[in-house]
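Here is the structure we will look at.
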Amino acid sequence: MRIQIVNGPNLNLLGIREPEIYGKKGFEQYLHQLRDMFPNVRIDYFQSNVEGELINMIHEVGFDRDGIVLNAGAYTHYSLALMDAIKSVNTPVVEVHISNVHQREEFRRHSVISPACKGVICGFGLDSYRLAIEALLNLK
Ligand code: DQA
């Protein structure tokens, strides 16, 4: 099993950015724990603040990975290009959010990428990523 995590804008600042919403742990630290939780899964990680780089990554991995876990950050709410990229590949994509976007500002309640994704997990903090991997494993 090989799974790709793709994190979008501002998620490089996890641990520093709005810790009351996103927690105090950096993603690299969490990634070590995640890899320990799934010793039989190869988990690759990519983060970018640039929309086109996220699209390029989805194209690159979207035909040979067993799944993509995507936290598109704010692009979730308006990037039709990202939605098209997800539709263009055949690897299942699980949309994740650390926060419960439905408890927050109105604009965060709408995701343009959800219709292109296999499913959505949000609101469980960093544990949302583990849940997404479990869901992808269960598809097999
Ligand atoms: C987020 C929620 C988005 O609305 C926000 O723009 C983010 C992070 C989350 O993980 O909760 O950058 O995707």
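All ligand and atom numbering here is 1-based and tracks the order in the structure.
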> Could you give all pairs that pass the salt bridge (charged side-chain N to carboxylate O under 4.0 Å, His left out) test and reach residues 16-33, with sequence neighbours left out?
Replying inline: none
> Taking Y45 as the fixed residue, which of Y129, Y30, F27 is the one that meets the ring-ring contact (aromatic ring centres under 6.0 Å, His included) rule?
Replying inline: F27
>> Using the side chain to side chain contact (heavy atoms under 4.5 Å, CB included) criterion, which residues pair with S79? Sequence neighbours excluded.
In response: E51, Y75, A81, L82
> Which pairs pass salt bridge (charged side-chain N to carboxylate O under 4.0 Å, His left out) with one or both residues in residues 88-107, sequence neighbours excluded?
Replying inline: E105-R108, E106-R109
> Rounded to the nearest 0.5 Å, how far apart are SG of C122 and CG of N100?
Replying inline: 4.5 Å
> Can you name the residues that come within less than 4.0 Å of ligand 1, going by heavy atoms only?
Replying inline: R17, Y22, N71, G73, A74, H77, H97, I98, S99, V101, R108
> Taking atom CZ of F38 as the centre, does the number of heavy atoms from other residues, nucleotides or ligands within less than 6.0 Å exceed 12?
Replying inline: yes
